[in-house]
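What follows is one structure encoded as C-alpha cells, with my remarks underneath.
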Amino acid sequence: MTNDALTAEAVNQANRPSAEELATRRKVIEVDSLDWSFGTRQVLFDINLDVREGEIMVIMGGSGSGKTTLLRHLVGLMPPLPGKIKLLGKDMGALSRMQLLELKRRIGVAFQFGALFSSMSVSENVKLPLRELTDLEERTMDIMANMKLEVCNLSGFGHLMPSDLSGGMMKRASIARAIVMDPKLIFLDEPSSGLDPVVSSALDDLILKLRDAMDISVVVVSHDVESAYKIADRITILDKGRILACDRVDAVRNSTNERVQNLLHRRSEQAEIDPTEYLRRLAGD
Amino acid sequence: MANPLKLPGKIFEGIGRRTVAGLDEMGYAAAIFFEAIYWTLTGWRYRQPVRITSAFASMMQFGVTALPIATLLAATIGLMLAIQSLYSLGLFGAEQYAYIGIALSVVREFSPMIMGILIAGRSGSAIAARLATMSINQEVDALQVMGINPVRFLVSPVLIALVLMMPCLAMWANLVSILAAGLYVSAQLHQSFGAYLNDTIDVLKTGDVWHGLGKATLFGVIIALVGVVNGSMVQGGAEGVGKVTTRSVVISITLIVVADMIFAYMTTK
Ligand SMILES: Nc1ncnc2c1ncn2[C@@H]1O[C@H](COP(=O)(O)OP(=O)(O)OP(=O)(O)O)[C@@H](O)[C@H]1O
Ligand SMILES: [Mg+2]
C-alpha cells in the first residue's frame, strides 16, 4: 500500500461513523431472511442484512458466493418476495407497478461493465433517466448532466461514445448516470475490477466524495480487499450463499474466523491438494 | 446409437420438447405484444409515454431507408409477372387479359409477401441483433433499474414503426409493380399505357387492396415480435448474437409464408 492510500484510509477511518451512531440512523436497506434458488440449486441462504443512511457497505466473497445474485435482488432485477427486502422503508414485494417505478427513481445502479448505451454519447447516457423520467427542459438536463460528469471527473468527455472510453472512464460514466437523479442509495458492482491500482484508488476517492458530498448510502460489491478497507464503514462477507461476517472494518479485519481470513488474504480453501485424490477426480471415479 | 429401437421414442421426445418450447415462445411473444400495446396506450399515465421521436427514427430506419431496395424489388417483380403472364396467356391467345392476373396477384400476394421478406431480412435481423447486444451488455437491466420499462422504451417504438411502415411499403410496391408491369405489357401489346392503367383500376376492388395491406400489417407485427423475442433470448457473447439474428430471420420468413396462406384461406372462404 502506498503512503497516499494509507493516509486516505486513515482519514476515512477517522470519518467513519461510530457503531453507536450508525445504530441510530435510519435503515435504507433491510433484508429479512432471504433465500433464493436457481431451479433446485440454492444460492442464497437466510440472508439478513441492513444498511444505514449514509453508510458505505462493501459486500465481499469468493467467486460464485452469490454477491451478484444478492445485488440483483436488492435492485429489483429478481422477482421481489413480500416481506423480504425493504428499500428506503418500502417493501419491494408489496409495491404496485407505479410505486416500484417511483422507488427505482430514487436508487442508482452502476453495473460491472458500465452497461452504457452504446448507441448514445456519454452525456446522452447520463441524461437518459432525466429525459425519460422527468419533464425537465433540455438546458436544465444539460446542466444537471454536466454537473454529474464533473463530479465524476469526466467534464469535457460528454461528447464521446462509450466505445471511446477507457475502463476507468466507463465506470465513472456509469456512476455519473447512476447519480444523475440524485438518488439516496446507489449500488456499485465491482467498481475496481479490471482497473490499475492508481485508477482504482481514484475511484475509491470518488465513492467517498459522493457519500460525503451528496449524503448517499452506497452498497459496493467488490473483490478488492484494499479498496474495501479504504472505503467501507462495514463489510459483509458472503460465503457459499451465507453471510459469514457482517461488521465494521476493524472487526472483520481482525476476525479470528479462519474462513474470513482466508478470503481476505486470498488463500485457497484447499491449499493442500492430495495428488492421488486429484488424479482420481480427473479420472472421474 | 446403442439401441435403434429406442430411436422413435427419442424422436417423439425431441418433437415434444420442441413443441413445448415453441409454445413457450409464442406465449412470451404474445405477452410482449400486449405489454407493448399497453404501454403505448397508457404510458403517459406512468409519465412514461412512448416517444414519438423514437418511433419516427425507427420508421426512417425500417421504412424510408428501405425505399430504394423496395422499389427495385417491386419493379422486378412487376416485370417478372408481366413476362410470365404474357407467356402463359399467350398460349391461349388471351394476352389482352394479362392485367387481371398481374393486378390481383401483385396487390393481394406479391407486394405484402416480398416486402415482408425484405423487411424481415433487413430490419428483423437488426432488431434481434440490437436487442441481443443490449441484453448481453446489461443495457436492458440498466433500463429496468432506472425504472424505464424496456418494453415501452425498446419494443413499442419498433412495433409502431413496423405496423405503420409495412402497409406503406406494400402500397408503394403495388404502385411500382403495376407501373413496371404496365410499361412492359403495353409496349409488348402495342397498347396505350393509360388504357392498361384504366383496366387495372377497373379490375381492382378496394377489398383486394385492403387484403394486401392487412397482410402487410400482420407481417409487420410478426417481424417485430420475432426479432424482439429472439433478441431477448440471447445467450453467450457475440456468437449468441449471430445465432439469434439468423434464427429470427428464418423464423420470421417462415411465419410470414405460413401466415400468408392462413390469411388467404380465412379471408377467401
Ligand atoms: N441465471 C442463473 N441460473 C442458474 N444459476 C445461476 C444463475 N446466476 C448465477 N447462478 C449461480 O448462482 C451462484 C452465485 O452466483 P453469483 O453470480 O451471484 O456469484 P458471485 O458471487 O457474483 O460470483 P463472481 O464473483 O464470480 O461474480 C453461482 O454458483 C452461479 O453458478
Ligand atoms: Mg458477480
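Every chain is numbered from 1 and lettered A, B, ... according to where its sequence line falls, protein lines coming before strand lines.
Checking side-chain atoms of B/Ser248 against main-chain N and O of B/Asn230 turns up no donor-acceptor pair under 3.5 Å.
Of the two parts of A/Arg106, neither the backbone nor the side chain holds a non-hydrogen atom closer than 4.5 Å to a non-hydrogen atom of chain B. Proximity to chain A is limited to the backbone of B/Arg45, based on heavy atoms less than 4.5 angstrom apart. Heavy atoms of A/Leu100 lying under 4.5 Å from chain B are absent altogether. The contact between B/Met134 and chain A is made entirely by side chain atoms (from C-beta outward), counting heavy-atom distances below 4.5 Å. Residue A/Leu77 touches chain B through its side chain alone, counting heavy-atom pairs closer than 4.5 Å.
A donor-acceptor pair shorter than 3.5 Å cannot be found between the side chains of A/Ser217 and A/Arg211. In the model, B/Trp172 has a side-chain atom that pairs as donor or acceptor with a side-chain atom of B/Thr71 under 3.5 Å. One side chain, A/Gln99 or A/Ser96, offers a donor N or O that lies under 3.5 Å from an acceptor on the other.
Note: A/Leu128 leads A/Leu103, A/Leu128, A/Ile107 in heavy-atom pairs under 4.5 Å with chain B. Counting heavy-atom pairs closer than 4.5 Å to chain A, the top-ranked of the candidates B/Val145, B/Asn137, B/Ile148 is B/Val145. For the set B/Leu143, B/Asn149, B/Asp141, B/Ile136, the count of heavy-atom pairs under 4.5 angstrom toward chain A peaks at B/Asp141. By number of non-hydrogen pairs under 4.5 angstrom with chain B, the leading residue of A/Pro183, A/Gly76, A/Ser118 is A/Ser118. Comparing B/Gln138, B/Arg130, B/Arg51, B/Glu139 by how many heavy-atom pairs each has under 4.5 Å with chain A, the most go to B/Glu139.
Nearest approach of B/Thr217 to B/Pro167, heavy atoms of both residues: OG1-CG, 3.5 Å.
For B/Ile52, the CD1 atom counts as loosely surrounded, since its 6.0 Å shell holds 12 or fewer non-hydrogen atoms of other residues, nucleotides or ligands.
Using bins of under 30°, 30° to 60° and over 60° for the plane-to-plane angle, the ring pair A/His73/A/Trp36 lands in the perpendicular bin.
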